Asker: 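Before anything else, here's the structure in question.
In this text the structure is predicted, and so the values were computed from the model without any measurement. We're numbering straight along the sequence, starting at 1.
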Amino acid sequence: MHTQDLIAADTGMGAVTLRVANLDRMIGYYREGVQLSLLSNEGGVAVLGRGATPIVILEHAPSMQHAGPRDAGLFHTAILFDTKADLAAALYSVATKYPQTFTGSADHLVSNAFYFTDPEGNGVELYWDRDRTEWSWTHGMVDMATIFVDPNEFLRENLTSAALDGAAVAPGRVGHVHLSVGDVATAKEFYVDQLGFATTAGWGEALFVSAGGYHHHMAMNTWNSRGAGRRQLALGLGLVRIEVPAADDLGALVARMHDTGVQTADDGRTVAFEDPWANRIEVTAPGRG
């Protein structure tokens with residue numbers, strides 16, 4: 001793939017929107033458990049984040065039904081912490097206040113990750129990255145693995161009183177978004193060939209893609225959703241946001257999408273489109289609109 005066909009190197013992920021049935025319960029989970037700050041709560045929409053950075057936007061949709069267990073949609077929202085101590089503080093909080101939501105942990109060589117499922121079935125990953133100088137690459141693919149991490153040992157080694165006291169305002173952001181899709185080949189055609197991410201890893205039924213040599217900004221798998229078609233309107237994932245560094249980068253992305261036949265909508269501030277499973281994507285650039 002030529003450089004001009006790639007999404008901008010400094011691209012990152014923005015807040016993920018979730019449609020929820022019980023807004024108060026979900027605010028409680030992300031605020032009291034995951035230790036996000038409630039940045040705003042108006043008109044049935046709650047924005048939670050760390051510092052001033054939005055991470056999860058909860059939209060109250062009590063009339064909607066839950067999606068089926070084999071449907072496409074969100075696999076998890078992955079929240080990236082700057083330090084092991086900050087990650088440990090969030091892990092301690094959610095594991096002690098909502099212990100039944102813990103689903104696993106892993107050393108992925110590039111990161112340490114802890115996994116949860118929120119009260120309405122949305123996957124959540126809390127993670128910390130090793131320095132990029134410690135990552136290994138083979139033929140352009142990043143080396144990742146899944147090695148068990150003892151969460152209690154991680155807490156013993158990394159939890160500090162200072163991080164616990166400041167957990168609600170310590171830096172954090174959406175590091176990557178992992179989707180459940182119907183098939184990996186179609187996901188690659190859309191997210192790599194059309195949207196412009198680069199493939200960084202592939203494990204049979206999973207694809208990992210990124211901008212600028214990150215291990216992955218997005219991932220797609222068919223572990224629970226092989227063969228899934230387009231999503232119906234339901235609770236769960238409402239919107240994935242991608243942030244490119246400049247208006248010119250957004251213009252290049254729009255041109256690339258048009259050239260490959262993807263329909264987009266542009267309101268002057270954001271460019272929106274759907275992936276093949278009707279997951280809505282919005283792309284923004286600073287200073288636009």
Side-chain angles (χ1 to χ4, degrees), residues 12-13 15-16 18 29-30 33-36 48-50 53 55-56 73-118 121-137 141-160 163-164 167 170-180 197 200-211 213-221 223-224 237 240:
M13 305 305 294
V16 172
L18 302 175
Y29 180 80
Y30 283 97
V34 183
Q35 289 289 284
L36 303 185
L48 296 103
R50 291 179 72 87
T53 303
I55 291 176
V56 176
L74 183 69
F75 190 70
H76 61 236
T77 300
I79 303 171
L80 175 61
F81 296 83
D82 282 0
T83 70
K84 280 187 172 183
D86 293 333
L87 172 57
L91 170 63
Y92 176 82
S93 176
V94 69
T96 52
K97 295 172 183 174
Y98 296 89
Q100 71 281 7
T101 68
F102 178 74
T103 58
S105 58
D107 181 338
H108 290 306
L109 302 183
V110 295
S111 62
N112 286 157
F114 299 90
Y115 298 94
F116 301 84
T117 301
D118 76 18
N122 302 293
V124 182
E125 175 183 340
L126 309 179
Y127 78 111
W128 161 84
D129 275 338
R130 289 189 170 87
D131 190 85
R132 289 194 182 204
T133 59
E134 299 181 49
W135 303 355
S136 296
W137 296 78
M141 300 290 105
V142 68
D143 295 332
M144 293 194 291
T146 300
I147 303 166
F148 174 71
V149 173
D150 184 332
N152 292 315
E153 182 176 347
F154 184 87
L155 289 175
R156 284 194 296 271
E157 292 179 351
N158 298 290
L159 186 62
T160 66
L164 275 175
R173 60 194 179 278
V174 176
H176 64 268
V177 178
H178 197 146
L179 302 176
S180 295
F197 281 114
T200 54
W203 298 343
E205 294 188 60
L207 173 71
F208 300 80
V209 303
S210 86
Y214 190 53
H215 54 73
H216 65 295
H217 285 105
M218 296 194 71
M220 308 91 206
N221 77 68
W223 298 327
N224 301 317
L237 180 63
V240 174

Asker: Do His216 and Leu207 touch side chain to side chain, with heavy atoms closer than 4.5 Å?
Answerer: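 In short, these two side chains do not touch, never coming nearer than 4.5 Å.
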Asker: Can you check whether Leu237 reaches Thr77 side chain to side chain, under 4.5 Å on heavy atoms?
Answerer: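 A side-chain contact is absent here, since even the closest heavy-atom pair is not under 4.5 Å.
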Asker: Among Leu80, Leu48, Ile79, find the residue that satisfies the side-chain contact (heavy atoms from CB on, under 4.5 Å) test when tested with Ile55.
Answerer: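 Passing option: Ile79.
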Asker: To check you understand the geometry: which heavy-atom pair defines the closest contact between Arg50 and Val34, and what is its length?
Answerer: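 So the two residues come closest at NH1-O, 4.0 Å.
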Asker: Within the 4.5 Å heavy-atom criterion, are Asn221 and Phe208 side-chain neighbours or not?
Answerer: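 Side chain of Asn221 against side chain of Phe208, heavy atoms only: no contact under 4.5 Å found.
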Asker: With no hydrogens and no angle check, just 3.5 Å: does a side-chain donor-acceptor pair link His217 and His176?
Answerer: no
Asker: Could you pull out the closest heavy-atom pair between Val110 and Asp143, with the gap in Å?
Answerer: CG1-O, 3.9 Å
Asker: Under 3.5 Å, is there a donor-acceptor pair linking the side chains of His215 and Asp129?
Answerer: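 The criterion, which ignores hydrogens and geometry beyond distance, is satisfied for Asp129 and His215.
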Asker: Taking Ser93 for the side chain and Ala89 for the main chain, is one N or O donor matched with an acceptor at less than 3.5 Å?
Answerer: no
Asker: Nearest heavy-atom pair of Phe197 and Ala211: which atoms, and what distance?
Answerer: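 What the structure gives for the nearest pair is CD2-N, 3.8 Å.
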Asker: Decide yes or no on side-chain contact (heavy atoms from CB on, under 4.5 Å) for Val124 and Leu126, but give the supporting numbers first.
Answerer: CA-CA 7 Å; Val124 182; Leu126 309 179; 3.9 Å; yes
Asker: Hydrogens and angles aside, do Asp118 and Tyr98 bring a side-chain donor and acceptor to less than 3.5 Å of each other?
Answerer: no
Asker: Under 3.5 Å, side chain of His108 to main-chain N/O of Met144, donor-acceptor pair present?
Answerer: no
Asker: How about Leu87 and Asn158: do any of their side-chain heavy atoms sit closer than 4.5 Å?
Answerer: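 No, every pair of side-chain atoms sits at 4.5 Å or beyond.
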Asker: Among side-chain atoms of Tyr214 and Thr200, is any donor-acceptor pair under 3.5 angstrom?
Answerer: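 Per modelled atom types, Tyr214 and Thr200 side chains form no pair under 3.5 Å.
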Asker: Identify the two heavy atoms, one from Phe116 and one from Leu91, that lie closest to each other, and give their separation to 0.1 Å.
Answerer: CZ-CD1, 3.6 Å
Asker: For Trp223 and Phe75, take the angle between the two ring planes, folded into 0 to 90°, and tell me which bin it lands in: parallel under 30, tilted 30 to 60, perpendicular over 60.
Answerer: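 Perpendicular, since the angle between the ring planes exceeds 60°.
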Asker: Do Val94 and Gln35 have side chains that get closer than 4.5 Å, going by heavy atoms?
Answerer: no
Asker: Among all residues two or more places apart in sequence or in another chain, which pass the side-chain contact (heavy atoms from CB on, under 4.5 Å) test with Ser105?
Answerer: Phe102, Phe114, Phe148, Val149, Pro151
Asker: Might you point out which heavy atoms bring Asp107 and Leu109 nearest each other, and give the distance in Å?
Answerer: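 So the minimum-distance heavy-atom pair works out to OD1-N, 2.7 Å.
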Asker: Looking at CZ of Phe154 and CG of Asn112, how far apart are the two atoms once the value is rounded to the nearest 0.5 Å?
Answerer: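 The CG atom of Asn112 is 5.5 Å from CZ of Phe154, to the nearest 0.5 Å.
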Asker: Would you please name every residue forming a side chain to side chain donor-acceptor pair (under 3.5 Å) with Ser111, sequence neighbours left out?
Answerer: none
Asker: With side-chain contact (heavy atoms from CB on, under 4.5 Å) as the criterion, how do Thr117 and Asn122 come out once you've worked through the C-alpha distance, each side chain's angles and the decisive distance to 0.1 Å?
Answerer: CA-CA 5 Å; Thr117 301; Asn122 302 293; over 6 Å; no
Asker: Of the non-hydrogen atoms in Gly213 and Trp137, which two are nearest, and what is the gap between them?
Answerer: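 In terms of heavy atoms, the two residues are closest at O-CZ2, 3.3 Å.
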